[in-house]
Number of protein chains: 2
Amino acid sequence: MLSQKAKYALKALLYLAEQEENHISRTIEIAEGAHIPKKFLEQILLDLKRARFVSSKQGKMGGYYLIKSKHDITLAEIHRLFDGAIALLPCASLNFYEPCSDCKTENECNLRHGLMMIRDETLKAMQNITIASLVDK
Amino acid sequence: MLSQKAKYALKALLYLAEQEENHISRTIEIAEGAHIPKKFLEQILLDLKRARFVSSKQGKMGGYYLIKSKHDITLAEIHRLFDGAIALLPCASLNFYEPCSDCKTENECNLRHGLMMIRDETLKAMQNITIASLVDK
DNA sequence: ATAAATTCTATAATATTAGTAGGGTATTGA
DNA sequence: TCAATACCCTACTAATATTATAGAATTTAT
């Protein structure tokens, strides 16, 4: 399941994607428009900024805006940024790989292969869903 | 990601599936064979019993054994039993559906459709992985 | 200068997870 | 019958993660 953070991040990105080109959105606008607690959203937007999905302008008249095309932001990326691995165990993960305790002794746990198949299918599906595809429902 | 409980449940089921027909396994055997804390495993086996994957015999010479074919126990079922919904949000779930707070006001949140597509693909993949398929790696 | 906005760090409240403890109940076999 | 063995059940605890909130520092437009 998605964390609140990941869900809020998606809602915030959807909000930004729906604005006119070159429009800058203040945090408070996004918070009210997408029903997100403002102070919590601040942290989320900073995370999105550090990961280069959005950029910001400080000070009066400042705010946030997309710097990555809404067609190129996938659900897989947002999931990984806020919730980590897509695979069901670390030993089956591409981006967050680590051997599980049992893998060490048995070299490979029995679960790994099956979980990698599931990861591949889930990842493919998640890469197919973009902010743009969500905006036009 | 899978909880420890779900992972241990899978390991325990794998252990049982590897035993000879009609063999009864004591909790302590499974715990040592699959590297699972014994008292924690007790709870997990009881959950598996209540969900009719295994049955048990009490008293001396007692233990646990599979009552569902290893070909018919899927990863999807174990995930749902221990970790709940497969979908990324409750509003996109088949077995654990509930409207999210935003769905109420907007009737449907923008995320729902995309998340249902992901759920469908993940579910298909998870139903394809059985205890039997994991035993023969 | 002042107001408005982002940025940053710390902290609090809550929920979940992972595991432990300890006794109760059923069955076997001497 | 009685003791040993093994499942059954509930409660509790410790650690961790999640979901925020608070408050001050910094930047920018006017």
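In what follows, every heavy atom counts, from backbone to side chain, and hydrogens, waters and symmetry copies are set aside. Bear in mind the structure is a predicted one, so any value in this text is a computation, not a measurement. Below, chains carry the letters A, B, ... as their sequence lines are ordered, and counting in each starts from 1.
Taking only side-chain atoms of A:Lys60, from C-beta outward, the nucleotide of C:dA4, D:dT21, D:dC7 with the closest atom is C:dA4. Side-chain proximity of B:Gln4 to the nucleotides C:dA18, D:dC7, C:dC8 is greatest for C:dA18. Between C:dT27, D:dC8, C:dC8, one nucleotide has an atom nearer to the side chain of B:Glu42 than all others, and that is D:dC8. Each of D:dT21, C:dT7, C:dC8 was ranked by its minimum atom distance to the side chain of A:Pro37; first place goes to D:dT21. Taking every side-chain heavy atom of A:Lys57 into account, D:dA29 is the closest of C:dT27, D:dA29, D:dC8.
A donor-acceptor contact under 3.5 angstrom links the side-chain atoms of B:Lys39 to the base of C:dG22.
Atom CG of B:Asp83 and atom C1' of C:dT17 are 11 Å apart (whole Å). If you measure from atom CE of B:Met61 to atom P of D:dA3, you get 19 Å, rounded to the nearest angstrom. Remark: P of D:dA20 and CD of A:Gln43 are 10 Å apart, rounded to the nearest angstrom. Regarding A:Ile24, its CD1 atom lies at a distance of 12 Å from the P atom of D:dT28, rounded to whole Å. Taking atom NZ of B:Lys38 as the reference point, atom P of D:dC8 lies 12 Å away to the nearest angstrom. Between A:Asp47 atom CG and C:dT6 atom C1' there is a gap of 14 Å when expressed in whole angstrom units. Computed from coordinates, the B:Leu16 CG to D:dC7 C1' distance equals 14 Å when rounded to whole Å. Taking atom CD1 of A:Ile44 as the reference point, atom C1' of D:dA20 lies 10 Å away to the nearest angstrom.
When heavy atoms are screened at a 4.0 angstrom cut-off, A:Lys49 is found touching the sugar-phosphate backbone but no base atom. Contact annotation for A:Tyr8: backbone-only contact, meaning every heavy-atom pair under 4.0 Å involves sugar-phosphate atoms and none involves a base.
Note on A:Glu29 versus A:Lys38: no salt bridge recorded, every NZ/NE/NH1/NH2 to OD/OE distance being 4.0 Å or above. Ionic pairing of B:Glu121 and B:Lys124 is present here: one or more N-O contacts between side-chain nitrogen and carboxylate oxygen are shorter than 4.0 angstrom.
Within the 4.0 Å cut-off from OP1 or OP2 of C:dT27, not a single side-chain nitrogen or oxygen of B:Arg26 is found. Considering only side-chain N and O atoms, A:Tyr64 lies under 4.0 angstrom from the phosphate OP1 or OP2 of C:dT7.
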request  = Check step by step if side-chain contact (heavy atoms from CB on, under 4.5 Å) holds for B:Ile78 and B:Phe53.
outcome  = CA-CA 9 Å; B:Ile78 302 305; B:Phe53 291 103; 4.1 Å; yes
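Here the side chain of A:His79 pairs a donor or acceptor atom with the backbone of A:Gly84 at under 3.5 angstrom.
Between A:Tyr65 and A:Asn22 there is no side-chain heavy-atom pair separated by less than 4.5 Å.
Residues A:Thr27 and B:Ser3 each lie close to DNA chain C; by heavy-atom proximity, the contact nearer the 5' end of the strand is made by A:Thr27.
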